[in-house]
Visitor: 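Before I ask anything, let me first share the structure, which is written out below as structure tokens.
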Amino acid sequence: MSISKHYQPQKIENKIYKLWEKSGFLKTKISKNKKPFCIIMPPVNANGPLHIGHAVFVTLEDIMIRYQRMRQKNVLWLPGVDHAGFETQVVFEKELEKQGKTRFQIPPKKLYQMIFGFTQKNRKIVREQFKKLGASCDWSREKFTLEEGIIKIVYKTFKKLYKDGLVYRGKRIINWCPRHQTALSDLEIKHEIKKGKLWHIKYYLKSQKTNFQKQEKGSKNYIIVATTRPETMLGDTGIAVNPKDKRYKKFVGKTAILPLINREIPIVASNKVDVNFGTGAVKVTPACDVIDFEIAKEHHLKIIEIVGKDGKMKNVPPSYQGLTTLACREKIVKELQEKGYLEKAENYTHQISVCYKCKTPIEPLISEQWFVKIKPLAKAAMEAVEKGKIKFIPEYYKKIYFHWMKNIKDWNISRQIVWGIRIPIWYGIKNGKIKKIIVSEKKPKLPKGSDYLKKETDTFDTWFSSGQWPFAALGFPKNKDYKYFYPTSVMETGWDILFFWVARMIMLSLYVTGEVPFRYVFLHGLVRDKDRQKMSKSKGNVIDPLGVVNLYGADALRAALVFGTGAGKDIIISEEKIIGQKRFANKIWNASRFIFQQISSSKLKTQNIKLQFKIQNLTEADKKILNGLNEIIGSVTKDLDDFQFHNALQKIYQFFWHRFCDLYIEKSKKQLQEKALQEETLKILLYVLLQSIKLLHPFMPFLTEEIYQKLPIKNKQKCLMVESWPSQKPKI
RNA sequence: GGGCGCGUAGCUCAGUUGGUUAGAGCGCAUACUUGACGUGUAUGAGGUCCCCCGUUCAAAUCGGGGCGCGCCCACCA
């Protein structure tokens, strides 16, 4: 048995993965005698190559899966691929841009097919990359969010929501990205601090000048409003002040004249107005602002849509028509100034909403969209967590979850993009107006009283379908997998999608199945470099997981990602840290090599060593290492049960390197010289090695499997992967 | 404006119900080492556990206050 002096993962890892595939152990067979343990893999966005974040979740989930598999549970780790609607379309649009095209030039059907091809190509690549990381998932069960079966389930859910009155079509102010030309949910917008101006504009009163001045001596015949977006004044249909504001009491009920275009607008009172901000008087532009929209509803003000979906002015006098909002702003400010309407312009720093993808300022627009009435779903989702049916790791995320759930608002689930699941709606149209709404996947019969049917072209927010992933992927409601594995055991994902995904899964799964989707939510942090910087292509500090695997091996990468990183904390990774773990792998390799060499040069030379030894024959050193081993078997097992992966790995590292190698192996060199002790010592070396690689297997599966395959012991399983987890024995 | 988290060795972090001389990895210093491994071994330096007050026989750990840092949510025009 000659093995190389240094551990060379490149020579081993691919071979070992093939061994696992061939063994058939990756395929889950339901067995009623075992307890189920199931993780649904967060479906990967099929829109680009693997990044370090994927390596994190593959590592953590594979640790849990391998551990539970060795605990002899019936494990299922179900991989999936997400069409990732908007995200993927954005990536694809960038590709198109490179070719000098935009998506608006391509017919929707064609575009859909092009993106479909794009994702399927990526999907294959991702699968091979996950294998390189050692993911021991069941590839035969891999699911895609645009599969027929999945779409069917999503449609069923939508239908149920519609029937229960929990989904509705509404005309509302929504977040509109003028660049991507789609609505976005509240979660898909970010806030940016921007330096701007607060313009103070005089709105003169219409009221009979003379009379008014007689009544209120010395008072002005205009009201000053403050705004950061003067161009929206073209859509003003009112002015609002706080009813408690003494300064303006006399103005309420009067009429003002909109500067430049001389529209008459009423002055109304609303407690939505903050007395202390600006001048305390607000211009009301219902079509461009959420509060204004609400004030308009309260007071039945007119709504004039002045910004189009392309971000340009519409329904305005010809001189402004078609200008971008910014160009229009300049023009308006100039004219106000020239005509003396502009009181002043203050420098003002404020937050604006931007598209989370392209950072284009969001245009709040009035639009017809589909919303989920979310409060009832949120209520049930909070109760489930309150009752402990779902536990968060780390626990404090529970508080964040509750805080968000309590303040949740209706969820806009319609997107004006082609890449996604079409909302299964048909409209019966009469005289150009919607007469009837029919929920149906296929074209229904023309309803009575309608002239023709119109198909809804909007697609679902991608999170609407991925929010149903746990039960959809398992084949709700009839599939055996669903019946056996649902509710699943653990949902492991990044905290950054707690609201986007985890919360929605809990709400939708409870609503559809009546059960929680998973028992535990394990949240990992963001990967950062050694200077705590976020990894990004533009910063040039990205660590390419596959490059690392090629250089140092998947085991080293996996161990480095776990070492010193608690749940929920950001993961700091550097090449040095990975090299450190590569050294550990080498240490394990060489310890094994030493033991194998000792065996082949001893009289014990066989492939079938029985690992039994008599306690009375043991030396103090033997007992010490065996007791030490026992101790860490206990504590590592507990750590793994408690999701303390970093602690578990650190303990094994410490034990193997410093107690086993530095102390016991050194001692064994002397013991091996003594004939009476030789056989027992060899057995103990082998035994501790075997138990150690079992403990290490979830973390470093390739290396440990390779050593296991070489172990000259009796009663071996086909793979270490399915060996039984060590149990703690009484102290000797 | 509301909420969450963090502050322990030069760096990155453990420290699970309060309990000896506070730990790990990397880094650093010195020495050793041609038989598993220099990707190694041994020894060592390095800490007011952010500060103050309190609870306690006992506080890095629990409570209150302060300072500093990071993050999330939110319709101040």
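Just so it is clear: chains get the letters A, B, ... in the order the sequence lines come, proteins before strands, and each one is counted from 1. Computed over heavy atoms, backbone and side chain alike; hydrogens, waters and symmetry mates excluded.
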Visitor: Please determine if a side-chain N or O atom of A:Trp657 lies less than 4.0 Å away from the OP1 or OP2 oxygen of B:U41.
Guide: yes
Visitor: Tell me what A:Val273 touches on the nucleic acid: a base, only sugar-phosphate, or nothing, going by heavy atoms under 4.0 Å.
Guide: base
Visitor: Less than 4.0 angstrom between a side-chain N/O of A:Tyr552 and OP1 or OP2 of B:U39, yes or no?
Guide: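 No, because none of the side-chain N or O atoms of A:Tyr552 sits under 4.0 Å from OP1 or OP2 of B:U39.
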Visitor: Scan every strand shown for a Watson-Crick or G-U wobble partner of B:G1, both distances under 3.5 Å, and answer none if you come up empty.
Guide: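 Result: B:C73.
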Visitor: Ring of A:Tyr552, cation from A:Lys582 - is the NZ or CZ under 6.0 Å from the centre and inside 45° of the axis?
Guide: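 No, a cation-pi geometry is absent between A:Lys582 and A:Tyr552.
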Visitor: Taking any strand in view, what nucleotide pairs with B:G44 in a Watson-Crick or G-U wobble way, both distances under 3.5 Å?
Guide: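 The base-pairing partner of B:G44, which may sit in any strand shown, is B:C28.
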Visitor: Round to the nearest Å and state the distance from A:Tyr356 atom OH to B:A74 atom P.
Guide: 14 Å
Visitor: Whether A:Lys577 contacts B:C11 is assessed here as follows: a side-chain N or O lying under 4.0 Å from the phosphate OP1 or OP2. Is that the case?
Guide: no
Visitor: Using a cut-off of 4.0 Å on non-hydrogen atoms, how would the nucleic acid contact of A:Asp662 be classed: base, sugar-phosphate, or nothing?
Guide: sugar-phosphate
Visitor: Scan A:Ile572 against the nucleic acid and name what it touches under 4.0 Å (heavy atoms): base, sugar-phosphate only, or nothing.
Guide: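 Sugar-phosphate: the residue A:Ile572, judged by heavy atoms under 4.0 Å, touches backbone atoms but no base.
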Visitor: Would you say B:G25 has OP1 or OP2 under 4.0 Å from some side-chain N or O of A:His658?
Guide: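 It does, given that an N or O in the side chain of A:His658 lies less than 4.0 Å from OP1 or OP2 of B:G25.
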Visitor: Can you name the nearest heavy-atom pair linking A:Leu234 to A:Met313, along with the distance?
Guide: CD1-CE, 4.0 Å
Visitor: Hey, which of these two, A:Cys661 or A:Arg229, hits RNA chain B nearer its 5' end, going by closest nucleotide?
Guide: A:Cys661
Visitor: Side chain of A:Tyr396 only, please: which of B:C75, B:C4, B:C37 is the nearest?
Guide: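 Closest nucleotide among those given: B:C4.
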Visitor: Look at the side chain of A:Gln654 and the base of B:A14, then say whether one donor and one acceptor between them are separated by less than 3.5 Å.
Guide: no
Visitor: Counting only Watson-Crick or G-U wobble pairs whose two distances fall under 3.5 Å, which nucleotide matches B:G68?
Guide: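 Across any shown strand, B:G68 pairs with B:C6.
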Visitor: By nearest heavy atom, map A:Glu666 and A:Asp570 onto RNA chain B; which one lands nearer the 5' end?
Guide: A:Asp570
Visitor: Within the stacking criterion (centroid distance below 5.5 Å, interplanar angle below 30°), does A:His6 stack on B:U39?
Guide: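 Whether judged by distance or by angle, A:His6 passes, so it stacks on the base of B:U39.
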Visitor: Without decimals, in angstroms, what is the distance between A:Arg659 CZ and B:A24 P?
Guide: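 Atom CZ in A:Arg659 sits about 13 Å away from atom P in B:A24.
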Visitor: Does A:Lys409 put a side-chain nitrogen or oxygen below 4.0 Å from OP1 or OP2 of B:A74?
Guide: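 No, no such contact exists.
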Visitor: Does a nitrogen or oxygen in the side chain of A:Lys399 sit under 4.0 Å from OP1 or OP2 of B:G5?
Guide: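 Checking B:G5 against A:Lys399, a side-chain N or O does come within under 4.0 Å of OP1 or OP2.
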Visitor: Does atom NZ of A:Lys244 have more than 12 heavy-atom neighbours, drawn from other residues, nucleotides or ligands, at distances under 6.0 Å?
Guide: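 Not more than 12 within 6.0 Å, no.
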Visitor: Under 6.0 Å between ring centres, would you say that holds for A:Phe522 and A:Phe645?
Guide: yes
Visitor: Report yes if at least one side-chain N or O of A:Lys587 is closer than 4.0 Å to OP1 or OP2 of B:U41; otherwise report no.
Guide: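 Yes, A:Lys587 has a side-chain N/O under 4.0 Å of OP1/OP2 on B:U41.
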Visitor: So, under a plain 3.5 Å distance rule, would you say the side chain of A:Gln598 forms a donor-acceptor pair with the base of B:A36?
Guide: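 Side chain to base: no pair below 3.5 Å.
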Visitor: Quick check for you: to the nearest 0.5 Å, what is the distance between A:Ser602 atom OG and A:Glu679 atom CD?
Guide: 8.0 Å
Visitor: Using only side-chain N and O atoms of A:Lys669, determine if any of them is under 4.0 Å from OP1 or OP2 of B:G35.
Guide: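 Looking at the OP1 and OP2 atoms of B:G35, neither is under 4.0 Å from any side-chain N or O of A:Lys669.
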Visitor: Given side chain to side chain contact (heavy atoms under 4.5 Å, CB included), test A:Val333 with A:Trp199 step by step and report yes or no.
Guide: CA-CA 9 Å; A:Val333 169; A:Trp199 280 278; 3.7 Å; yes
Visitor: Has the side chain of A:Lys651 got a donor or acceptor that lies under 3.5 Å from a partner of the other kind on the base of B:A14?
Guide: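 Per atom types, no contact qualifies.
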Visitor: Using a 4.0 Å heavy-atom cut-off, does A:Phe277 contact any base of the nucleic acid, only the sugar-phosphate backbone, or nothing at all?
Guide: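 Base, at least one base atom sits under 4.0 Å.
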Visitor: Can you check the A:Ile362 CD1 to B:A74 P distance for me, whole Å?
Guide: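 Distance, rounded to whole Å: 13 Å.
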Visitor: Contact class for A:Phe584 vs. all strands (heavy atom < 4.0 Å): base, sugar-phosphate, or nothing?
Guide: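 No contact.
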Visitor: Would you indicate what A:Asn586 reaches in the nucleic acid, counting non-hydrogen atoms under 4.0 angstrom: base, sugar-phosphate, or nothing?
Guide: base
Visitor: Check every strand shown and say whether A:Ile665 touches a base, only sugar-phosphate, or nothing at a heavy-atom separation below 4.0 Å.
Guide: base
Visitor: Anything under 30° is parallel, anything over 60° is perpendicular, the rest tilted; go ahead and classify A:Tyr653 against A:Phe584.
Guide: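 Correct class here is tilted.
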Visitor: Just call it for A:His646: base, sugar-phosphate, or nothing, with non-hydrogen atoms closer than 4.0 Å on any strand.
Guide: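 It contacts sugar-phosphate atoms only.
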